[in-house]
Amino acid sequence: MTTMTETSARFREFKMPDVGEGLTEAEILKWFVQPGDTVTDGQVVCEVETAKAAVELPIPFDGVVHELRFPEGTTVDVGEVIIAVDVAPGSGDVPAAPEAVRQPVAEPAPEAEPEAPKGRQPVLVGYGVAETSTKRRARKGAVIPGPAAAAIQAEINGHGAKAAESRPLAKPPVRKLAKDLGIDLATVTPTGEGGVITREDVHAAVAPAPAEAAARTEEAPSAPAPAPVAQVGARETRIPVKGVRKAIAQAMVGSAFTAPHVTEFVTVDVTRTMKLVAELKEDKDMAGVRVNPLLIIAKALLVAIRRNPGINAAWDEANQEIVQKHYVNLGIAAATPRGLIVPNIKDAHDKTLPQLGEALGELVSTAREGRTSPAAMAGGTVTITNVGVFGVDTGTPILNPGESAILAVGTIKLQPWVHKGKVKPRQVTTLALSFDHRLVDGELGSKVLADVAAVLEQPKRLITWG
């Protein structure tokens, strides 16, 4: 499906793209350009949120922005034109804006549009084609026809040049960072060449003055809470459930009530693993790799899967088959401002310890910056969720849809432990493994959990078993 059409020799339109992920719509989170701005091929013009992730959209041609078809916060169907660009500016008078310009208005939007016919639906990248009958979502904007449209468009065009001049200079990832941190770029002092605002400038704007920092008694959260959009009195706040968070809720309910979950627990002495982590941090072969207990736990799970391959499977309800996977795409649950996401390390089973460490570090940093792509979250086979970072001993994790097992890792702390016949302080943690009892019986689940615990207790088994 093409994402652009040629409205004339001069104007081109860019459509909400079909990225192949099985989603039929996306919400426009942020425009990075305004009418009158010059754009170049490959420049990111907006950020949209699908049910999987926030995605930045680059435009595939040069020109001057003529019209933004939808305001921020609007949910747009795949295939609809979102921006029109003048690809030959200065060649003549600009034609009048289209008869209908979508802008937010006070009147309520209709409840829903008529059902679309059953058949192939447009999709967003990586999710395949949805063969279903769907209802289109009601728009947050309304159509203003006739003279009102012309007046609004004239005002937009009139302010375009001023907006281009006054808009702070920053690359799209920097704008995204500022948005997540709640920083107005107009208040940031640029230090980059040509007056461009850098990531360091944004972080500097966040950092409190020494006196202010000394007065603080609590550490600020690492990620901003969702901005409340509607309040009822002073006693409650209502936050719409949409995008990634809505998809998470639906997936977790579907998983909990579809796959029969069983969870097993084991408490293990990981003192030797913690010593190994300390040694690896000083190893020159691990230079530049973020070494932490999660890295060893991930490797231990991969070893356990190799010894017990039946755990790495999926249930095919339509065909009533168990699908055995001969590769491991290792999911790592990550908390982000938009909710919990589970990107995965592709072919983790083939990676050495340094390679696995590099992949883990990149996955975590990308998730924290909100740049995880839909493709990075597709195709997972087994997942790890590290609840220990919150000081939690363990939990009963819900399976990621389409997977057969998920390992929860609790906090690692000193506890009295019987070691070589004597009670000593040892580093101890609790592991919990949830699995789909349709395809994983108690024996198989127990063997996998016991193998992970054995490796963490005696890390030399990474060599003898691996």
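Below, each value reflects all heavy atoms present in this structure, side chains not excepted, and no hydrogens, waters or symmetry copies.
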Check whether any side-chain heavy atom of Ile82 sits under 4.5 Å from a side-chain heavy atom of Cys46, and report yes or no.
yes
State, yes or no, whether a side-chain contact exists between Phe32 and Gln43 at a heavy-atom distance under 4.5 Å.
no
Step through the shown structure and confirm whether more than 12 heavy atoms of other residues, nucleotides or ligands are within 6.0 Å of CD on Glu193.
no
Would a distance-only check, ignoring hydrogens and angles, find a side-chain to backbone donor-acceptor pair under 3.5 Å from Arg461 to Ala454?
yes
Steps toward side-chain contact (heavy atoms from CB on, under 4.5 Å) verdict (Leu433, Thr263):
CA-CA 5 Å; Leu433 183 72; Thr263 305; over 6 Å; no
Are Leu360 and Arg290 packed together at the side-chain level, in the sense that at least one heavy-atom pair is separated by less than 4.5 angstrom?
no
Give a yes or no on whether the backbone of Leu295 and the side-chain of Asn292 come within a donor-acceptor separation of less than 3.5 Å.
yes
Heavy-atom side-chain proximity of Pro60 to Phe14 below 4.5 angstrom:
yes
Examine distances only and state if a side-chain atom of His261 and a backbone atom of Ser434 form a donor-acceptor pair shorter than 3.5 Å.
no
Got a second to check how far Ile322's CD1 is from Leu439's CG, nearest 0.5 Å?
5.0 Å
Measure the spacing between CG of Leu330 and CG of Leu301 and express it to the nearest 0.5 Å.
6.0 Å
Is it true that, when you exclude Arg438 itself, more than 12 heavy atoms of the residues, nucleotides or ligands shown sit nearer than 6.0 Å to its CZ?
yes
Determine the minimum heavy-atom distance between Phe70 and Val81, stating which atoms define it.
CE1-O, 3.2 Å
Evaluate salt bridge (Lys or Arg N to Asp or Glu O under 4.0 Å) for Glu279 paired with Lys275, printing each intermediate quantity in order.
CA-CA 6 Å; Glu279 292 172 1; Lys275 289 180 179 179; over 6 Å; no
Testing the basics here: between Ile412 and Met274, what is the closest heavy-atom pair and its distance to 0.1 Å?
CD1-SD, 3.9 Å
Minimum side-chain heavy-atom gap Leu294-Val389 below 4.5 Å:
no
Going by salt bridge (charged side-chain N to carboxylate O under 4.0 Å, His left out), name the residues that satisfy it together with Lys413, two or more places apart in sequence or in a different chain.
Asp393
Using 0.5 Å steps for rounding, measure from the NZ atom of Lys447 to the CZ atom of Arg307.
9.5 Å
Leu414 side chain reached by Gln427 side chain, heavy atoms, under 4.5 Å:
yes
To the nearest 0.5 angstrom, please state how far the CG atom of Leu356 sits from the NZ atom of Lys299.
6.0 Å
Which atom of Met286 lies closest to which atom of Pro354, heavy atoms considered
SD-CG, 3.6 Å
Check whether any side-chain heavy atom of Trp417 sits under 4.5 Å from a side-chain heavy atom of Thr271, and report yes or no.
no
Inter-residue atom distance Glu362.CD - Ile345.CD1, 0.5 Å rounding
9.5 Å
Checking Asn312 side chain against Pro309 main chain: does a donor-acceptor pair fall under 3.5 Å?
no
Nearest heavy atoms of Trp465 and Val303, plus distance in Å
CB-CG1, 3.8 Å
Is it the case that atom NZ in Lys30 sees more than 12 heavy atoms from other parts of the structure closer than 6.0 Å?
no
Checking Thr429 side chain against Thr411 main chain: does a donor-acceptor pair fall under 3.5 Å?
yes
Smallest separation among heavy atoms of Phe265 and Gly395, with atom names:
CE2-O, 3.6 Å
Within a reach of under 6.0 Å around NZ of Lys346, are more than 12 heavy atoms found that belong to other residues, nucleotides or ligands?
yes
Quick one: does Asn386's side chain have a donor or acceptor within less than 3.5 Å of a partner on Gly388's backbone?
yes
Between the main-chain N or O of Val328 and the side-chain N or O of His349, is there a donor-acceptor pair closer than 3.5 Å?
yes
Is there a donor-acceptor pair under 3.5 Å between the side chain of Asn329 and the backbone N or O of Asn344?
no
Residues Leu431, Leu456; criterion side-chain contact (heavy atoms from CB on, under 4.5 Å); working and verdict
CA-CA 11 Å; Leu431 307 175; Leu456 296 181; 4.0 Å; yes
Is a side-chain donor-acceptor pair under 3.5 Å present for Thr430 with Thr267?
yes
Nearest heavy atoms of Ile197 and Pro190, plus distance in Å
CG1-CB, 3.7 Å
Looking at Asp350, is its backbone amide N or carbonyl O close enough to the side chain of Asp347 to form a donor-acceptor pair, meaning the two atoms are under 3.5 Å apart?
no
CA sep, side-chain torsions, deciding dist, call: Trp31, Ile83, side-chain contact (heavy atoms from CB on, under 4.5 Å):
CA-CA 10 Å; Trp31 282 109; Ile83 182 174; 4.1 Å; yes
From Thr75 atom OG1 to Met16 atom CE, the distance as rounded to the nearest 0.5 Å
9.0 Å
Determine whether more than 12 heavy atoms belonging to other residues, nucleotides or ligands lie under 6.0 Å from atom CD of Gln415.
yes
Show the numbers, then the answer: is there a side-chain contact (heavy atoms from CB on, under 4.5 Å) between Leu280 and Ile296?
CA-CA 10 Å; Leu280 289 175; Ile296 308 303; 3.8 Å; yes
Keeping Thr394 on the side-chain end and Gly410 on the backbone end, is there a donor-acceptor pair under 3.5 Å?
no
